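The first residue of the sequence shown is numbered 1, and numbering continues consecutively from there. Every value quoted in this text rests on a predicted model; they were computed, and no experiment measured them. Hydrogens, waters and symmetry mates play no part in the numbers below; they use all other heavy atoms, side chains included.
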Amino acid sequence: MTRHSGIGLAVVGMLSLAGCATTMQSGSVSKAGEIEREWTEQGVTKNYIFARGMGAADQKMDNKTQRMATSRNASIVNAQYNMLSVIKGVKLEGGITVEKAMETDSALSTKIDADIKGAEVVRSEWTADDGCVATLRLPKKRLKDMGLKISE
């Protein structure tokens, strides 16, 4: 085995591992660059809250990179909005929702907004027209660290 083929195999191996690490919610954009007709906007798992957002590209922009960057930014903002909707509906011990707790505690509201803005972008997919679908992930532990007692 030559040195170059060994490096090539190492790169292929790393790329395949990286691909496996981001497959948690694949299928929102097809290989042809079209958005699937049915997909999950958001979800709550044992450890995470997920949300997706869509952003359109300004087709008047001449530069493809600018179109992709602006659509990604728009999709992240849309996903943050969707995530806020999910978090507001989370039930706390005692039967109230996070939304009710936020109404009475402005500091809590500020912390939640900051956490949502800090949510991890785990996937960005571009459509054929340079639109973007972004998936965000927020660990439930962050909400628990704020003192919110989430009912399981």
Side-chain angles (χ1 to χ4, degrees), residues 13-152:
M14 287 188 300
L15 288 175
S16 65
L17 287 174
C20 292
T22 60
T23 58
M24 70 75 218
Q25 287 186 341
S26 64
S28 62
V29 176
S30 72
K31 288 185 181 190
E34 297 294 322
I35 294 174
E36 298 293 330
R37 295 293 176 202
E38 183 179 334
W39 52 298
T40 305
E41 290 276 340
Q42 63 249 350
V44 179
T45 65
K46 180 180 178 186
N47 297 315
Y48 296 99
I49 297 172
F50 291 95
R52 285 193 201 184
M54 253 192 269
D58 181 354
Q59 297 301 313
K60 294 177 186 167
M61 289 182 167
D62 292 331
N63 186 305
K64 181 177 183 71
T65 302
Q66 286 179 318
R67 287 193 307 269
M68 291 175 72
T70 56
S71 66
R72 183 176 184 269
N73 290 341
S75 68
I76 290 170
V77 170
N78 183 242
Q80 289 169 341
Y81 176 81
N82 291 338
M83 184 170 282
L84 179 60
S85 297
V86 174
I87 290 172
K88 282 183 172 182
V90 170
K91 296 259 188 218
L92 302 175
E93 287 181 4
I96 68 165
T97 62
V98 170
E99 182 174 29
K100 288 292 183 193
M102 288 172 68
E103 289 173 5
T104 60
D105 187 347
S106 61
L108 176 64
S109 184
T110 302
K111 288 177 188 175
I112 288 174
D113 285 344
D115 269 356
I116 289 172
K117 287 186 173 88
E120 180 185 9
V121 179
V122 292
R123 189 175 186 92
S124 298
E125 300 174 273
W126 280 269
T127 60
D129 63 354
D130 298 327
C132 186
V133 176
T135 305
L136 303 182
R137 176 176 78 176
L138 181 71
K140 280 183 165 180
K141 184 179 181 325
R142 283 201 201 162
L143 298 176
K144 291 177 182 176
D145 289 347
M146 280 185 241
L148 295 175
K149 296 180 180 174
I150 300 171
S151 59
E152 297 295 329

> Is any side-chain heavy atom of N82 less than 4.5 Å from a side-chain heavy atom of V86?
Replying inline: no

> How long is the span from the NZ atom in K111 to the CG atom in D115, to the nearest 0.5 Å?
Replying inline: 9.5 Å

> Among C132, S71, S75, which residue meets the side chain to side chain contact (heavy atoms under 4.5 Å, CB included) test with S124?
Replying inline: C132

> Can you check whether V122 reaches L136 side chain to side chain, under 4.5 Å on heavy atoms?
Replying inline: no

>> If I take atom CD from residue E120 and atom OG1 from residue T135, how far apart are they, to the nearest 0.5 angstrom?
In response: 11.0 Å

>> Could you go through D130 and K64, starting from their C-alpha distance and side-chain angles, then the distance that decides it, and tell me whether this counts as salt bridge (charged side-chain N to carboxylate O under 4.0 Å, His left out)?
In response: CA-CA 7 Å; D130 298 327; K64 181 177 183 71; 2.8 Å; yes

>> Checking the side chain of Q80 only, and the main-chain atoms of A51 only, is there a donor and an acceptor separated by less than 3.5 Å?
In response: no

>> Would R137 and Y48 count as a cation-pi pair here, with the cationic atom under 6.0 angstrom from the ring centre and within 45° of the axis?
In response: yes

> From E103 CD over to D105 CG, what is the distance, rounded to the nearest 0.5 angstrom?
Replying inline: 11.5 Å

>> Within the 4.5 Å heavy-atom criterion, are R72 and V121 side-chain neighbours or not?
In response: yes

> Can you check side chain to side chain contact (heavy atoms under 4.5 Å, CB included) on M83 and F50, steps first, answer last?
Replying inline: CA-CA 7 Å; M83 184 170 282; F50 291 95; 5.8 Å; no

> Please walk me through it: do D145 and K141 pass salt bridge (charged side-chain N to carboxylate O under 4.0 Å, His left out)?
Replying inline: CA-CA 6 Å; D145 289 347; K141 184 179 181 325; 3.2 Å; yes

> Which atom names give the shortest non-hydrogen contact between T65 and N63, and what distance separates them?
Replying inline: N-OD1, 2.7 Å

> Any idea which heavy atoms bring I76 and A134 closest together, and the distance?
Replying inline: CG1-CB, 4.0 Å

> Rounded to the nearest 0.5 Å, what separation is found between the CD1 atom of I112 and the NZ atom of K88?
Replying inline: 9.0 Å

> Which of these passes side chain to side chain contact (heavy atoms under 4.5 Å, CB included) with I87: V44, V98, T97?
Replying inline: V98

> Taking all atoms of both residues into account, what is the closest heavy-atom pair of I96 and K100, and its distance?
Replying inline: CB-CB, 4.4 Å

>> Just so I know, are the side chains of L108 and M146 near enough to count as touching, which here means a heavy-atom distance under 4.5 Å?
In response: yes

> Hey, does the side chain of S109 reach the backbone of S106 with a donor-acceptor pair shorter than 3.5 angstrom?
Replying inline: no

>> With a 3.5 Å distance limit and no angle check, can you tell me whether K140 reaches the backbone of T45 through a side-chain donor-acceptor pair?
In response: yes

> Does M61 offer a backbone N or O that forms a donor-acceptor pair with the side chain of R67 under 3.5 Å?
Replying inline: yes

> What's the spacing between I49 CD1 and L138 CG if we round to 0.5 Å?
Replying inline: 5.5 Å

